[in-house]
Amino acid sequence: MSSDDERDEKELDITSSEVVTKYKSAAEIVNKALQGVLAECKPKAKIVDICEKGDSFIKEQAGSMYKNVKKKIDRGVAFPTCVSVNNTVGHFSPLAGDETVLEEGDMVKIDMGCHIDGFIALVAHTHVIQDGPITGRKADVMAAANTAAEVALRLVRPGKKNHAVTEAIQKVADAYDCKIVEGVISHQMKQNVIDGSKSFLSVTTPETRVDDVEFEENEVYAIDIVASTGDGKPKLLDEKQTTIYKKDAAVNYQLKMKASRFIFSEIKEKFSHMPFTARSLEEKRARLGLVECVNHGHLQPYPVLYEKPGDFVAQIKFTVLLMPNGSDRITSHTLQELQPTKTIDDPEIKGWLALGIKKKKGGGKKKKAKKAGETSTEAEPMEASSSAQE
């Protein structure tokens with residue numbers, strides 16, 4: 001017991017090679033899961049089936065790891081698979097009876113996560129269900145999200161301040177005549193903590209504020225960029241569509257209803273740290289019990305928000321380790337070919353895109369950004385296994 005207590009007292013981070021391995025194992029699983037889910041995104045495919053396949057793959061792959069260790073290691077889904085279409089901003093992961101299907105031309109955002117021993121790898125990607133290059137405003141918004149993500153990757157580094165990243169993300173979106181969606185926050189992650197206290201906004205608003213912080217070596221971040229062709233002020237249309245929740249350990253309210261107590265004990269047992277979908281609970285009791293749990297703060301909901309019909313929303317999310325030798329982006333997927341209506345001419349944005357990701361002994365810049373406008377529209381993520389030997 002004492003060794004467990006010591007482990008709890010000493011916060012494990014990426015100074016430990018074992019921890020880095022767990023992050024990268026989780027990343028490898030979620031990258032493969034994303035690839036599998038993308039293959040399922042076809043016209044008339046049912047969204048709930050795609051979400052189930054994504055979660056099942058992660059559970060199966062994570063479950064096959066660390067099976068023969070003395071101390072049981074928790075592992076599996078860190079964020080339920082969401083498939084959000086067109087003007088839906090995110091968190092769409094419907095219940096079993098839902099009949100919503102994908103259609104040709106849909107802009108699909110896939111958001112998912114895996115953890116090994118509480119070390120979390122998150123990823124989100126945008127894909128349009130069509131052959132050939134993406135053009136027009138769909139290409140603009142995907143390029144805006146992707147370029148902003150590439151800039152954030154280069155600015156989230158030790159010694160830099162979070163507000164500088166927020167300003168840069170907004171500047172990129174403006175260059176594509178798009179808006180960054182309000183309320184989206186990129187968080188530091190730690191063991192069993194998906195939304196750490198260090199964070200930054202993608203866009204500042206009077207309603208949403210975060211503390212000014214400086215990034216430090218050996219931190220891990222999930223960088224989440226959501227861009228829109230609309231006004232970036234999404235609305236909640238139907239609370240009943242919310243299916244993803246996370247337990248709030250700080251709340252001690254005594255639940256009154258038997259169904260609520262039953263469901264909350266199941267949540268405490270199965271999902272003590274990570275967000276979960278109501279699909280994975282016993283459905284009839286869940287519907288009754290979840291309402292009281294949410295009303296009294298036991299559960300934090302992840303609402304399904306919408307821009308206006310006809311708007312397009314794109315999302316890119318990735319996990320980055322701030323290693324001593326530079327930034328290591330461990331989750332990603334290559335975008336389709338984009339032909340946006342705008343190009344990047346701003347010298348400041350070009351300068352950000354030209355920054356290196358890894359530290360080089362002799363200094364110097366990355367060669368890959370020689371055509372900053374082109375680089376910004378086509379995803380050039382680091383390979384997930386690009387620095388497997390740290």
Side-chain angles (χ1 to χ4, degrees), residues 1 4 8 26 29-30 33 46-67 69 71-83 90-98 111-122 187 189-196 238-304:
M1 187 68 186
D4 287 348
D8 288 341
I29 291 168
V30 84
K46 217 191 270 193
I47 288 179
V48 67
D49 294 345
I50 299 170
C51 294
E52 285 285 10
K53 282 175 183 172
D55 290 350
S56 298
F57 181 87
I58 290 171
K59 284 177 200 163
E60 186 185 301
Q61 295 289 309
S64 68
M65 302 185 75
Y66 294 96
K67 285 205 308 203
V69 289
K71 186 178 186 300
K72 184 177 177 285
I73 284 182
D74 190 24
R75 57 214 189 277
V77 174
F79 198 85
T81 303
C82 302
V83 176
H91 305 151
F92 191 77
S93 190
L95 297 175
D98 191 271
D111 189 2
M112 60 204 315
C114 174
H115 78 96
I116 303 288
D117 197 18
F119 298 105
I120 301 161
L122 301 178
H187 286 278
M189 297 192 293
K190 299 181 179 183
Q191 187 179 26
N192 293 317
V193 180
I194 199 167
D195 50 2
D238 183 0
E239 274 184 23
K240 293 192 186 76
Q241 287 191 327
T242 303
T243 61
I244 297 176
Y245 305 89
K246 185 170 79 69
K247 185 172 80 70
D248 188 339
V251 175
N252 293 313
Y253 174 82
Q254 190 63 43
L255 294 162
K256 302 285 189 286
M257 286 169 56
K258 189 176 178 182
S260 308
R261 293 195 299 273
F262 174 85
I263 218 69
F264 194 63
S265 67
E266 186 185 348
I267 290 164
K268 280 199 287 190
E269 186 188 336
K270 290 184 184 174
F271 313 106
S272 52
H273 302 293
M274 305 296 166
F276 63 91
T277 165
R279 264 197 326 274
S280 51
L281 302 170
E282 196 196 313
E283 205 169 307
K284 276 186 183 171
R285 290 204 189 196
R287 283 182 185 162
L288 283 170
L290 285 172
V291 175
E292 189 185 9
C293 292
V294 170
N295 287 346
H296 293 285
H298 274 295
L299 296 177
Q300 297 171 2
Y302 288 77
V304 181

State, yes or no, whether a side-chain contact exists between Val77 and Lys59 at a heavy-atom distance under 4.5 Å.
yes
Which atom of Met189 lies closest to which atom of Leu122, heavy atoms considered:
SD-CD1, 3.8 Å
So do the side chains of Ile263 and Leu288 get within less than 4.5 Å of each other, counting heavy atoms only?
no
Verdict with reasoning, Val291 to Met257, per side-chain contact (heavy atoms from CB on, under 4.5 Å)
CA-CA 10 Å; Val291 175; Met257 286 169 56; over 6 Å; no
Heavy-atom nearest pair, Tyr66 first then Val69, reads O-CG2, 3.3 Å
Gap separating the CG atom of Asp74 from the CG atom of Asp117, nearest 0.5 angstrom:
8.0 Å
Look at atom NZ of Lys240 and say whether more than 12 heavy atoms of other residues, nucleotides or ligands are closer to it than 6.0 Å.
no
If only atom types and distance count, is the side chain of Glu266 paired as donor or acceptor with the main-chain N or O of Leu281 below 3.5 Å?
no
Any side-chain heavy-atom pair of Pro80 and Cys51 under 4.5 Å:
no
Less than 4.5 Å apart, any side-chain heavy atom of Val304 and any of Asp238?
no
Which label fits His298 and Phe264: parallel for a plane angle under 30°, tilted from 30 to 60°, or perpendicular past 60°?
tilted
Interatomic distance, NZ@Lys256 vs NE2@His296, rounded to 0.5 Å, equals 6.5 Å
Least distance between heavy atoms, Phe119 atom then Ala26 atom
O-CB, 3.8 Å
Should Asn192 and Met274 count as side-chain neighbours, where that means a heavy-atom distance under 4.5 Å?
yes
Under the side-chain contact (heavy atoms from CB on, under 4.5 Å) rule, what do Thr277 and Asp55 come out as? Steps first, then yes or no, please.
CA-CA 10 Å; Thr277 165; Asp55 290 350; 4.2 Å; yes
Any sub-3.5 Å donor-acceptor pair from Asp195's side-chain atoms to His187's backbone N or O?
no
To the closest 0.5 Å, what do you measure between CE (Met112) and OG1 (Thr81)?
3.5 Å
Does the side-chain contact (heavy atoms from CB on, under 4.5 Å) test come out yes or no for Arg75 and Lys67, once each step is laid out?
CA-CA 10 Å; Arg75 57 214 189 277; Lys67 285 205 308 203; 3.7 Å; yes
Nearest atoms (heavy-atom pairs only) where Ser272 meets Lys247
O-CE, 3.4 Å
Testing the basics here: between Val294 and Pro301, what is the closest heavy-atom pair and its distance to 0.1 Å?
CG1-CG, 4.2 Å
Atom CD of Glu239: over 12 foreign heavy atoms under 6.0 Å:
no
For a 4.5 angstrom cut-off between non-hydrogen side-chain atoms, does Phe79 reach Ile120?
no
To the nearest 0.5 Å, what is the distance between CG on Asp248 and SG on Cys293?
12.0 Å
Using 0.5 Å steps for rounding, measure from the NE2 atom of His91 to the CD atom of Gln241.
13.0 Å
What do the steps show when you test Asp98 against Ile47 for side-chain contact (heavy atoms from CB on, under 4.5 Å), and what is the final call?
CA-CA 8 Å; Asp98 191 271; Ile47 288 179; 5.6 Å; no
Hey, can you tell me if Phe276 and Phe271 have their rings parallel, tilted or perpendicular (30° and 60° cut-offs)?
parallel
Tell me, do Ile29 and Ile116 make a side-chain contact under 4.5 Å, heavy atoms counted?
yes
Under the 3.5 angstrom rule, does the side chain of Ser265 hit a backbone N or O of Phe262 as a donor-acceptor pair?
yes
Do Arg279 and Ser93 get their side chains close enough for a donor-acceptor pair, meaning under 3.5 Å?
yes
Heavy atoms only: give me the nearest Gly113-Ile58 pair and the separation to one decimal.
O-CD1, 3.6 Å
Counting only heavy atoms from other residues, nucleotides and ligands, does the tally under 6.0 Å from NZ of Lys246 exceed 12?
yes
